[in-house]
Amino acid sequence: MQGLILSIESSCDDSSIALTQIIDKKLIFHQKISQEKEHSNYGGVVPELASRLHAEALPLILEKTKPFLERVQAVAITTEPGLNITLLEGLMMAKTLAFCLNVPLIAVNHLKGHLYSLFLEKEAIFPLGVLLVSGGHTMLIEAKSFHEIKIVARSIDDSFGESFDKVAKMLDLGYPGGPVVEKYAKNGNADFFKLPLPLNSRAKFAFSFSGLKNAVRLEIEKFKAKGGFEDREKLEIFRANLCASFQKVACTHLLQKCKIFFEENKSQRDSWEHFAIVGGASANLFLREELQKMCESYTKNLLLAPLEFCSDNAAMIGRVGIESYLREEFSSPFSVKTKPKVDDFNANFSEDI
């Protein structure tokens, strides 16, 4: 029987544990318990509540892995970035398991996990450009190998996913915002509102969503001042048109910067066959379709993670864990710590904005 990596993810509001075979990378167990319902009343994640819910959910999932524990060769755990109070819930469980099973501990950056969500149950493909869009991060990444990963552009304020959450909150549509904004956008006119395209020049190679979010807020205030929120039918039409307009501009902003990525260092990147999109917000189908068109125009193959593995999950953490295990890159249970913010993907990760 093949040895396994047991992996744990608790960086935000998803409690998840997975078991992955080391040699053939086959995922043999994965479960995730989402906290969306509990946080929806607050319009976003409440860290203290999330921590308590992890303390309840993780042991319940772990119980189901008992038949496989004798095969576990290492424990992989998300240590950064994320909410410190929730990261600690997973880390304490991981340290205890590693000690009791007498196996190594592997610390994983969950953004690197998103990259490897592309390669579940398969070999990794390099080099490639990657657009990472989630609730906490928006960045363009140049990935040449497991260790050669470089941020070439990132958001200077809100993330792509966070902007969807905030627009949904302003429109009283609930949490999480991504799916509900996308749902409303399908029934709206994407050209109805003339919203500003952020950083509409090459001068700033970065992402920004705060100005776009503010433009949405101003449209909502104007509509409220006219009594629009009192007419249910008008309100639904307004929501659909504003969601569609916002989604189009937000995605156009991403595409514009991706095109710059392709055109800069063209002699090098022309030889790259692949481009990818990862992260929870990569589940947006409008964005996927537009990126597919763009990739076709640059003769690139668009790589996508399965929809069920776009958001935070332990399967992607286990996939990174396999790479670290095969390289014998382990962490000391006594020195490994959690980090709420992203600095690097690992010691060899470099950042150039």
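Here the structure is a predicted model, which is why all the values come from computation and not from measurement. Side-chain atoms are counted along with the backbone in the values below, which use heavy atoms only and exclude waters and symmetry mates.
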Any salt bridge between [X] and [Y], counting N to O under 4.0 Å?
X	Y	answer
R232	E236	yes
R319	E323	yes
E221	K224	no
K213	D157	no
E162	K166	yes

Counting the benzene-type ring for Trp, do [X] and [Y] have ring centres under 6.0 Å apart?
X	Y	answer
F164	F246	yes
F209	H253	yes
F223	F193	no

For [Y], is there any backbone N or O sitting under 3.5 Å from a side-chain donor or acceptor partner on [X]?
X	Y	value
S331	A107	yes
H110	P81	yes
E121	L27	yes
T138	R154	no
D165	G177	yes
R71	M1	no
E182	L285	yes
S324	G321	no

Criterion side-chain hydrogen bond (donor to acceptor under 3.5 Å, both in side chains) on D14 and Q35, from CA distance to verdict: CA-CA 6 Å; D14 288 319; Q35 303 175 5; over 6 Å; no

Are there over 12 heavy-atom neighbours, none belonging to [X], within less than 6.0 Å of that residue's [atom1]?
X	atom1	value
F192	CZ	no
Y42	OH	no
F68	CZ	yes

Is it the case that the side chains of [Y] and [X] hold a donor-acceptor pair, with the cut-off being a distance below 3.5 Å and no angle test?
X	Y	result
E263	Y298	yes
E89	S51	yes
S210	D158	no
H30	S16	yes

Taking every non-hydrogen atom, the tightest pair across K257 and L140: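 In terms of heavy atoms, the two residues are closest at O-CD1, 3.7 Å.
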
Shortest non-hydrogen separation from I220 to M170 and the atoms involved: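 So the two residues come closest at CD1-CB, 3.6 Å.
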
Within one Ile-Leu-Val-Met-Phe-Trp-Tyr cluster: V72 and M92, side-chain cutoff 4.5 Å: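 In one cluster: yes.
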
Would you indicate whether the side-chain heavy atoms of [Y] and [X] approach each other to under 4.5 Å?
X	Y	result
V103	L6	no
T20	L4	no
M93	I8	yes
M294	F262	yes
N284	Q247	yes
L115	I141	no
E142	I151	no
Q2	K26	no

Stepwise side-chain hydrogen bond (donor to acceptor under 3.5 Å, both in side chains) test for T78 and E9: CA-CA 5 Å; T78 303; E9 160 62 29; 2.5 Å; yes

Pairwise distance NE2(H39) to CG(L53) - rounded to 0.5 angstrom: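 It is 5.5 Å, given to the nearest 0.5 Å.
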
Criterion side-chain contact (heavy atoms from CB on, under 4.5 Å) on L105 and I77, from CA distance to verdict: CA-CA 8 Å; L105 185 69; I77 175 65; 3.8 Å; yes

Chi angles and distances behind the side-chain hydrogen bond (donor to acceptor under 3.5 Å, both in side chains) call for S159, H137: CA-CA 5 Å; S159 72; H137 304 89; over 6 Å; no

Aromatic ring pairing F119/Y116, orientation class (parallel under 30°, perpendicular over 60°, tilted between):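 Correct class here is perpendicular.
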
Residue pair S311, K32: steps toward the side-chain hydrogen bond (donor to acceptor under 3.5 Å, both in side chains) verdict: CA-CA 10 Å; S311 58; K32 180 170 76 171; 2.6 Å; yes

